[in-house]
Every structure is written in structure tokens, then in C-alpha cells.
Amino acid sequence: MGIEAWYMDSSDEDQRKPHRQTPNQPVSLDELKKLGVFYWKLNADIYETDPELEHIRKDQGYSYMDIITIHKDTLPNYEDKLKMFFEEHLHLDDEIRYILDGRAYFDVRDKEDRWIRIAMNKGDLITLPAGIYHRFTLDETNYTKAMRLFVGEPVWKAYNRPADDFDIRKKYVASL
């Protein structure tokens, strides 16, 4: 099974709801690739020994990895962190996330600045390119466990929108 993505409605209702338009406007994996978003489906039950994950890490140069569990009982300042993750931002490096358990959403902007919601489930690995505006939230289950991958040392800095003057943003926009 592949990844599911769609254009979002404009509702200010709870960020954890699906926010599908009526009728639903799906976004294909090919459309996501055109935005620089890449996806793999892996077996999260064997992530510690998965040869496919190891191949991806080696091929992409993902040398650093850690695991975060996002739930009110495991993440200090849970509500504040969720609000921070949901602020529209970009990074100077790619963002790579692998869902080991639970569910969550990544929202990315398309070329016309419309929000696309990407539903992430157990086994989904996604890369968001440096310079893309995005945000993250849990779904209504309020739980996910994710592996965070980086090339080299992790950089946790997010630049909230507007951040159009960064070279990486200009490079990203030029690539579309």
C-alpha cells in the first residue's frame, strides 16, 4: 500500500482531523515527487535489522538516527511541542522521518502555495527537501513513534515562514 495525500480544506478546526476537501482531491506520489518529496514503504517491525532501511541509509548518507515518541505521556511539554511542530516552517537540510508506530500528518505547500496533507502510517518513510514549507501534526490517535534521520550531525533549527530570503528556499523554488 502506498502513501495517501490530498489537498486540504481551509477549516480552522482541530489540526488533527483529516481536513479533506469535499469532494476529496487526492495527490499522487508522482505529484509529491515533483515537489521533491520522496517516499518508501518499509517493514517497521524489523527496523533495527532491516536490510532495505540500511540500504536507504547508506545510499542517501543518513548517518545519524534517533527515535522520538510523540504522546502526552512521553514527550515533555507535549502540547507546546505540537503547536511548535505545526507552525509553518522550513529547514536548511532535508527532513527525513520514518514512522515506526502510530500515525501522523505532514503538510507541505505545492507550487501554488496550497496545503497538501500527507497521511503517515507505520512503515512510511518520507523525505521533505530542504527549503520546502511544511508542518507536522499527529492525527486524532494522538500518538506516533518516529525515527529521525540526518546526513551528518542533526540540525534541529526550523525557520518559520516567512523565510523566503534563505538561499536554500530560493534554490528549492527554482527547482520546481
Side-chain angles (χ1 to χ4, degrees), residues 1-44 47 50 52-53 55-57 59-62 70 82 85-141 144 146-151 158-176:
M1 184 170 115
I3 199 161
E4 187 182 9
W6 57 88
Y7 281 103
M8 293 181 68
D9 65 22
S10 57
S11 168
D12 288 332
E13 191 178 11
D14 183 351
Q15 70 193 39
R16 297 169 187 147
K17 293 190 179 291
H19 289 279
R20 293 178 190 270
Q21 294 183 2
T22 306
N24 185 42
Q25 293 187 5
V27 176
S28 71
L29 189 54
D30 284 339
E31 290 172 274
L32 291 175
K33 284 181 184 176
K34 290 176 187 171
L35 297 174
V37 175
F38 292 94
Y39 168 80
W40 294 265
K41 184 68 171 184
L42 301 175
N43 181 353
Y47 75 88
D50 185 359
E52 189 174 0
L53 175 60
H55 174 76
I56 292 167
R57 288 186 65 182
D59 189 50
Q60 301 295 321
Y62 301 152
I70 304 173
L82 274 186
F85 296 156
F86 198 64
E87 285 288 321
E88 184 175 4
H89 63 276
L90 59 77
H91 299 285
L92 304 183
D93 296 304
D94 291 355
E95 182 160 333
I96 306 103
R97 296 294 181 268
Y98 178 22
I99 304 298
L100 302 177
D101 197 19
R103 300 192 308 249
Y105 296 122
F106 271 102
D107 301 336
V108 297
R109 293 282 190 176
D110 75 355
K111 293 177 193 177
E112 285 79 43
D113 216 30
R114 298 174 296 176
W115 281 117
I116 296 170
R117 175 147 281 186
I118 304 168
M120 300 286 294
N121 295 290
K122 182 177 179 178
D124 292 340
L125 187 149
I126 194 170
T127 63
L128 304 179
I132 192 172
Y133 282 124
H134 67 281
R135 60 189 183 190
F136 171 87
T137 192
L138 296 176
D139 73 354
E140 293 173 286
T141 64
T144 197
M147 178 183 291
R148 301 182 289 190
L149 297 150
F150 292 88
V151 174
Y159 298 92
N160 289 348
R161 189 172 190 174
D164 297 324
D165 291 336
F166 282 97
D167 287 342
I168 197 69
R169 175 65 185 166
K170 293 175 184 174
K171 181 179 176 185
Y172 173 74
V173 170
S175 76
L176 295 177

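We're numbering straight along the sequence, starting at 1.
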Inset, instruction - Could you list the residues that satisfy side chain to side chain donor-acceptor pair (under 3.5 Å) with Gln60, not counting sequence neighbours? - result: none
Legend entry - side chain to side chain donor-acceptor pair (under 3.5 Å) against Asp94, all qualifying residues, sequence neighbours excluded: none
Inset, instruction - Taking the side chain as every heavy atom from C-beta outward, state whether Lys33 and Ser28 have any pair of such atoms under 4.5 Å apart. - result: no
Legend entry - With Asp110 via salt bridge (Lys or Arg N to Asp or Glu O under 4.0 Å) - residues at least two apart: Arg114
Legend entry - Gln21 side, atom CD; Trp115 side, atom CH2 - distance, nearest 0.5 Å: 14.0 Å
Legend entry - Side chain proximity check, Ile118 to Val108, heavy atoms < 4.5 angstrom: yes
Inset, instruction - Could you walk me through whether Tyr159 and His91 pass side-chain contact (heavy atoms from CB on, under 4.5 Å), step by step? - result: CA-CA 6 Å; Tyr159 298 92; His91 299 285; 6.0 Å; no
Inset, instruction - State the CD1-CH2 distance between Ile56 and Trp40, to the nearest 0.5 angstrom. - result: 5.5 Å
Inset, instruction - Not counting sequence neighbours, which residues clear side-chain contact (heavy atoms from CB on, under 4.5 Å) with Lys34? List them please. - result: none
Identify each donor-acceptor pair in which a side-chain atom of residues 164-176 lies under 3.5 Å from a protein atom, sequence neighbours left out, and give them as a table.
unit_1 : atom_1 : unit_2 : atom_2 : d
Asp164 : OD1    : Tyr133 : OH     : 2.7
Arg169 : NH1    : Gly131 : O      : 2.9
Tyr172 : OH     : Leu35  : O      : 2.8
Ser175 : OG     : Tyr172 : O      : 2.6

Legend entry - Tyr39 vs Leu29, side-chain contact (heavy atoms from CB on, under 4.5 Å): CA-CA, chis, key distance, verdict: CA-CA 8 Å; Tyr39 168 80; Leu29 189 54; 3.7 Å; yes
Inset, instruction - For side-chain contact (heavy atoms from CB on, under 4.5 Å), just list the numbers for Asp124 and Lys41, CA-CA rounded to whole Å, side-chain angles, deciding distance to a tenth of an Å, and then say yes or no. - result: CA-CA 5 Å; Asp124 292 340; Lys41 184 68 171 184; 3.1 Å; yes
Legend entry - Contacts of type ring-ring contact (aromatic ring centres under 6.0 Å, His included), residue His19, not counting sequence neighbours: none
Inset, instruction - Without swapping roles, check the side chain of Thr137 against the backbone of Phe106 for a donor-acceptor pair under 3.5 Å. - result: no
Legend entry - Close side-chain approach of Met120 to Ile3, heavy-atom, < 4.5 Å: yes
Legend entry - side-chain contact (heavy atoms from CB on, under 4.5 Å) against Leu53, all qualifying residues, sequence neighbours excluded: Leu42, Tyr47, Asp50, Arg57, Tyr98, Leu125, Met147
Legend entry - side-chain contact (heavy atoms from CB on, under 4.5 Å) partners for Asn24, two or more places apart: Trp6, Arg20, Pro26
Legend entry - side-chain contact (heavy atoms from CB on, under 4.5 Å) partners of Ala146, counting only residues at least two apart: Ile68, Ile99
Inset, instruction - Applying ring-ring contact (aromatic ring centres under 6.0 Å, His included), name anything that partners Phe38, two or more places apart in sequence or on another chain. - result: none
Legend entry - For Thr127, side chain to side chain donor-acceptor pair (under 3.5 Å) partners two or more places apart: none
Inset, instruction - For Asp113, enumerate each residue passing the side chain to side chain donor-acceptor pair (under 3.5 Å) test, keeping only those at least two apart in sequence or located in another chain. - result: Arg161
Inset, instruction - Go through the steps for Arg135 and Glu87 under the test salt bridge (Lys or Arg N to Asp or Glu O under 4.0 Å), then give the verdict. - result: CA-CA 6 Å; Arg135 60 189 183 190; Glu87 285 288 321; over 6 Å; no
Inset, instruction - Give a yes or no answer on whether the side chain of Glu88 reaches the backbone of His134 with a donor-acceptor pair at less than 3.5 Å. - result: no
